[in-house]
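In each ligand, atom 1 is the first atom listed, and ligand 1 is the first ligand listed. We use all heavy atoms of the structure for the numbers below, so side chains are in, but hydrogens, waters and symmetry mates are not. Because the structure is a prediction, the values reported are computed rather than measured.
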Amino acid sequence: MAAAPCPEVLPPRKRRNADYEWDEFDPVDYLKRNYAVLREPDRRIITEVRRYFTAVAGHPSPPTRGIDVGSGSNLYPALAMLPFCTEITLSDRSESNVEWLVDELRWYSGVWDPFWTELTESPPYARIGNPRTQLYSKAKVCKIDLFELPAATWDIGTMFFVAESISADRQEFHDATRRFVQALKPDRPFAAAFMAGSKGYEVGGHPFPAVEVDEADIRDCLADIAHEVDIRVWPVDPKKHEPLREGYSGMILALGKAGGR
Ligand SMILES: C[S@@+](CC[C@H](N)C(=O)[O-])C[C@H]1O[C@@H](n2cnc3c(N)ncnc32)[C@H](O)[C@@H]1O
């Protein structure tokens, strides 16, 4: 048996966002693992987000600009903003994800059809004749590091499974969540989804980090920078073998408006 290396020669443990090779994030593998079929937890999130945006976002008059932060290879957050925006920025720091987004948006694949069908339960979505051409014409793909997002710029925003899934450093989770909300103009609505209790994940053979978070962590992050905050938690029920991404104890959805009260 080989001797275990002594601690002094072990490589330093990666913790922070900048320690990871985000350009090696494999969007095709990520999509296959998470969105090849519409799973129950995503269906619940879509239902809540469409109801919330339908109730508070109104129609794009005056023109509204939306942003999805850390889009990866997930189009459903951007689709959830489609009726309420004249322009939607899909942003990510990863070159591979940015390239995937540019390509996918030309004519998005049938994978997203069940997600869109779920959204069309609300009239503003149902009124859209062709979501593919509409998303293509409104979308702007940008390589943006969320820690450098400008403040008070967008009118509506989404950030799904990002703040807790880009670093093992709790302070960075906190900063990422706040940076997202503060990128919105005051009183503008957002939806942010988080994996609860995640210890990290693998994409395309590469390990990626996470911070284990719960509802109290999200509430604490948003306390003084958002209002009308509504947090939903869906724990995994092992008895039901509810299909969920591996390695998580549940999902958390935070809805609310930017700006403290
Ligand atoms: C777990 S994935 C979530 C992807 C997608 N939003 C979803 O709902 O499945 C995390 C995403 O955050 C991106 N990311 C990592 N660090 C980032 C940063 N500093 N700024 C913006 N995006 C970042 C990654 O490239 C990846 O696409």
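Residues satisfying the side-chain hydrogen bond (donor to acceptor under 3.5 Å, both in side chains) criterion with Arg50, sequence neighbours excluded, are Ser122.
Relative ring orientation between Tyr35 and Trp112 is described as tilted, the plane-to-plane angle lying within the 30° to 60° band.
Between Tyr30 and ligand 1, at least one pair of N/O atoms sits closer than 3.5 Å. For ligand 1, none of its N or O atoms has an N or O atom of Ser94 under 3.5 Å away.
Close contacts of ligand 1 with Ile166, meaning ligand atoms under 4.0 Å from a residue heavy atom, involve 12 (O), 14 (N), 15 (C), 16 (N). Listed by number with element, the atoms of ligand 1 under 4.0 Å from a non-hydrogen atom of Ile144 are 20 (N), 21 (C). Near Phe160, the atoms of ligand 1 lying under 4.0 angstrom from a non-hydrogen atom of the residue are 3 (C), 5 (C), 6 (N), 7 (C), 8 (O).
Between Met251 and Phe161, the closest side-chain pair of non-hydrogen atoms falls below 4.5 Å.
Remark: the Asp68 side chain and the Thr158 side chain contain an N/O donor-acceptor pair separated by less than 3.5 Å.
Side-chain rings of Tyr30 and Phe25 approach one another, their centers coming within less than 6.0 Å.
By heavy-atom distance, the residue among Phe25, Phe208, Tyr35 lying nearest atom 7 (C) of ligand 1 is Tyr35. Residue nearest to atom 27 (O) of ligand 1, selected from Asp92, Asp68, Leu90: Asp92 (by heavy-atom distance).
The proximity of Ser71 to ligand 1, defined as any non-hydrogen pair under 4.0 Å, is limited to the backbone. Of all the heavy atoms of Asn17, the ones lying under 4.0 Å from any atom of ligand 1 belong exclusively to the side chain.
Remark: the backbone N or O of Glu24 is not paired with any side-chain donor or acceptor of Glu21 at under 3.5 angstrom.
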